[in-house]
Amino acid sequence: MPAANRYSVADHAHMARALQLAANGLCTTSPNPRVGCVIVKDDRVVGEGWHQRAGTPHAEIHALKAAGESARGATVYVTLEPCSHHGRTPPCAEALIQAGVTRVVAAMRDPNPLVAGNGIDMLTLAGIEAETGLMEAEAQALNPGFVSRMTRQRPWLRLKTASTLDGKTALANGTSQWITGEAARADVQRLRARACAVLTGSGTVLADNPRMNVRDIDTGRQLLRVVVDSTLRTPTDALILPALIVCHHAAPADRAALEQAGAEVIELPGSDGRVDLAALLTLLAQRGINELHVEAGARMNGALLAAGLIDEWVAYLAPMAVGDDARGLFAQPPLATLADAARFRLADVRQIGGDLRLTLLPA
């Protein structure tokens, strides 16, 4: 039976609430997924919870604690398949079995190979009715980075740009503060806060000396800051330090100076004297990075575009035009035909203060 017909209106309402709870951990659960849980008995919610931080109890445990003895004979709605392995916390599937619940509805299976259906199987073997698929797309959309890291062994790469309506990021002399308004800049902080790491290029570091940190939002952590710097041009007093600096080749003296300033320097040589960006994403995934936020210049943007590594593009557009001589968004070779253009589809459009925010996905 199709999932749309298998579940009741009440099922949908409770899972929607579980998804809402999961979103409370949007900026705090890294590297774990965002998960929410609702426990219902006799058409009444008896327990709710969400995963708050890595290393702390999972959503199901919080909900079971809130439900107490009322969990026996109850239905559990959870946005991700309950875990079945011992990590930093015990398996949630075991806790649900011990609590005596009779039905578990998970929005999606866990893409983690350590779980991947084992949680559902464990529940089923214990005589609990267990199934997945209710509001699966919504659950996946809440955790694009975790799904990407588990299934593609690379983070979800979200590119942020801010430009004029004619696609310019700065004047010819480099002036860019501020193209977009205060509301859009605050919105960018929210994007940074939900990510695990922020990436930029050495050109941006040299031109703007940015901190690339999260401000005005309490996440309990800061982003891993990553600089792609093929020839180690990053100054030792750059505000972005401490950071992971990825280069093509590191001269011993340059490496030592940057490491003394708090940087970690890694060589990932690619072609043409550049950093291997695909290898960098693999490395970041191995370090538990789910969502990678990119704020960079035209050269880095162009390299990511050419390599096909952009999963999501958040473009802020200010209602102004500055002319042909200003700096553009993507540095790339001239195209012979429009058929060669990288194409995106609009996933969301909304006004942020006086600017527009477009969210685009590869077409």
Side-chain angles (χ1 to χ4, degrees), residues 19-20 22-28 30 34 138 141-142 144-145 156-201 203-205 207-223 225 239-240 291-298 300-302 304-305 310-330 342 344-363:
L19 288 163
Q20 185 181 47
N24 288 331
L26 194 68
C27 302
T28 60
S30 173
R34 300 124 183 172
E138 291 86 344
L142 192 62
W156 179 267
L157 191 151
R158 180 179 294 112
L159 174 69
K160 168 262 171 181
T161 63
S163 68
T164 61
L165 283 180
D166 52 348
K168 304 300 181 180
T169 62
L171 300 181
N173 62 13
T175 301
S176 62
Q177 296 182 345
W178 293 106
I179 286 178
T180 53
E182 186 175 341
R185 298 196 297 275
D187 196 58
V188 171
Q189 290 298 316
R190 289 188 284 271
L191 282 184
R192 286 186 189 176
R194 66 171 290 167
C196 308
V198 59
L199 180 144
T200 193
T204 298
V205 172
D208 300 333
N209 195 22
R211 294 183 184 275
M212 290 288 182
N213 57 358
V214 177
R215 299 183 293 276
D216 304 322
I217 298 174
D218 181 16
T219 64
R221 60 181 175 85
Q222 271 295 342
L223 298 164
R225 292 176 284 190
L239 295 178
I240 202 168
E291 295 182 21
L292 177 62
H293 177 89
V294 178
E295 293 186 35
M300 176 60 62
N301 293 347
L304 292 170
L305 186 68
I310 299 173
D311 296 309
E312 180 181 345
W313 177 14
V314 180
Y316 295 87
L317 298 180
M320 67 172 77
V322 293
D324 287 345
D325 289 338
R327 301 182 182 183
L329 286 168
F330 297 94
F344 293 81
R345 61 181 176 85
L346 284 168
D348 183 75
V349 180
R350 63 187 64 198
Q351 184 169 343
I352 307 293
D355 305 308
L356 278 182
R357 187 187 72 192
L358 311 182
T359 302
L360 307 107
L361 302 174

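Keep in mind the model is a prediction, meaning the values are calculated, not measured.
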Any [X] side-chain heavy atom under 4.5 Å of [Y] side chain:
X	Y	answer
L358	V314	no
Y316	L356	no
T204	P210	yes
E312	L159	no
R350	D348	yes

Pairwise distance [atom1]([X]) to [atom2]([Y]) - rounded to 0.5 angstrom:
X	Y	atom1	atom2	answer
L361	R345	CG	CZ	4.5 Å
L223	C196	CG	SG	8.0 Å
L292	L157	CG	CG	4.5 Å
F330	M300	CZ	CE	12.5 Å
I352	R185	CD1	CZ	13.5 Å

Short side-chain to backbone donor-acceptor contact, [X] and [Y], under 3.5 Å:
X	Y	result
R211	L239	no
D166	V322	yes
R215	A186	no
Q222	V214	yes

Of all heavy-atom pairs between [X] and [Y], which one has the smallest distance, and what is that distance?
X	Y	answer
L26	R34	O-NH2, 3.0 Å
L317	T164	CD2-O, 3.9 Å
A172	R327	O-NH2, 3.4 Å
N213	Q189	O-OE1, 3.6 Å
T180	A162	CG2-CB, 3.9 Å
N301	T161	ND2-CG2, 4.0 Å

- Query: Could you walk me through whether V294 and W313 pass the side-chain contact (heavy atoms from CB on, under 4.5 Å) check?
  - Reply: CA-CA 9 Å; V294 178; W313 177 14; over 6 Å; no
- Message: Checking E295 against H293: is there a side-chain donor and acceptor pair closer than 3.5 Å?
- Response: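 Yes, a side-chain donor-acceptor pair sits under 3.5 Å.
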- Item | Neighbour count >12 (heavy atoms, 6.0 Å) for atom CG, D325 |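 Result for CG/D325: open.
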- Query: Only one of R194, R192, K160 clears salt bridge (Lys or Arg N to Asp or Glu O under 4.0 Å) with E291; which?
  - Reply: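 That would be R194; it is the only one of R194, R192, K160 passing the salt bridge (Lys or Arg N to Asp or Glu O under 4.0 Å) with E291.
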- Under the side-chain hydrogen bond (donor to acceptor under 3.5 Å, both in side chains) rule, what pairs show up with a residue in residues 351-363, not counting sequence neighbours?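 Sorted pair list: D187-R357.
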